[in-house]
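Below is one structure, written out as structure tokens; the observations come after it.
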Amino acid sequence: MQNDSVILSVRRLTTQLKIGKGVVTVVDNLSFDLRAGRTLALVGESGCGKSMTALSLMRILPEGVALPSKGEVLYRGQNLLHLPERKMRTLRGSKLAMIFQDPMSSLNPVMTIGAQLMEVAELHLHLAPQEAKARAILALHSVGITSPEQRLSDYPHQLSGGMKQRVMIAMALLCEPDLLIADEPTTALDVTVQAQVLELIRTLQQERGTALLLITHDMGVVAEMADDVIVMYAAKSMERAPVTSLFDHHAHPYTQGLFASRLSKKSARAPLVVIPGSVPPLGHFPAGCPFHPRCPHAMEKCKKGDVPPAVLSEGHELSCWLHATDGGLS
Ligand code: SF4
């Protein structure tokens, strides 16, 4: 199933955390649309704001540390950032679902997986126990778990990593969500299991027309899964494009660094390429273009003020003085 209707419209999303005596911005003015049946990948190194973006959309930021996010997250005409928590709780786990790198952050270790799936079905779909059980069996079956009736009485610790991930996906998709957020869903798995789990997510997403926000640092996963990509660095979007345009013409020096390091990792003979330096710690993002201390093309003007946006082609935008309309010559 494929249609282009916008499920979630995110505008100028900004999230800040209180750290020590200061306030630091962890998501900076981010805008994008998530469409039915399509996958948007958020890419970048750890600490760039990808997961904070997901937690902001779901409103599950760390309590006592995060300030309320600003901007708009429009779902069916309502700004989720202003929705009462009670209504938000109803949406989470039903229409807006999330899967994490660690399945145990979603699964309860002291409940059987059957009880957990049935609880979701009873709570969100208002099913009677027998119907909830049938729904749970169906959900396990749909994620490729054999003999699902028998698995209902298993506890999470009795399952392999790949099986736990499948159960988490079954739980996330049980209520047929409009949006699925997957945060590094396969990073902790063996390579062969990774491929199976990604294939499963893609198949279920396409069958159901779910919008998928995929968070990853792995360009191989992006190539397999994404329709559109946003490359994030230091809480900001650096480059965004349809996936083929990004792979053919990545133009931002940070994106180029990500691609170069990926290629060198894939080929044993190629010299190892790494982006020099590291992502600055929270609260220490540099002024100007935040990538300038690591950028081989940095100019004086990159070190202060806003970087003007540039458009390379339809839907392909980036934030870099090299591509600004004056060509970065001044
Ligand atoms: Fe490099 Fe300057 Fe472009 Fe930033 S704006 S990526 S520092 S050239």
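For this chain, numbers begin at 1 and follow the sequence in order. Heavy-atom basis, side chains included; hydrogens, waters and symmetry copies ignored. Order of appearance sets the numbers: ligands from 1, and atoms from 1 within every ligand.
- Using a 4.0 Å cut-off between a side-chain N of Lys or Arg and a carboxylate O of Asp or Glu, Lys133 and Glu149 do not qualify as a salt bridge.
- Defined by atom type and a distance below 3.5 Å, a donor-acceptor pair is present between the side-chain atoms of Thr39 and Gln205.
- Side chains of Ser153 and Thr112: a donor-acceptor N/O pair is absent below 3.5 angstrom, by distance only.
- Shown here are the protein N/O/S atoms lying under 2.8 Å from atom 4 (Fe) of ligand 1, water excluded: Cys289 SG.
- In this model, a donor atom of one side chain and an acceptor atom of the other lie less than 3.5 Å apart for Glu45 and Tyr254.
- For His252, the ring-ring contact (aromatic ring centres under 6.0 Å, His included) test picks out no residue, with sequence neighbours left out.
- Salt bridge present: Asp178 and Arg76 bring a charged side-chain N and a carboxylate O closer than 4.0 Å.
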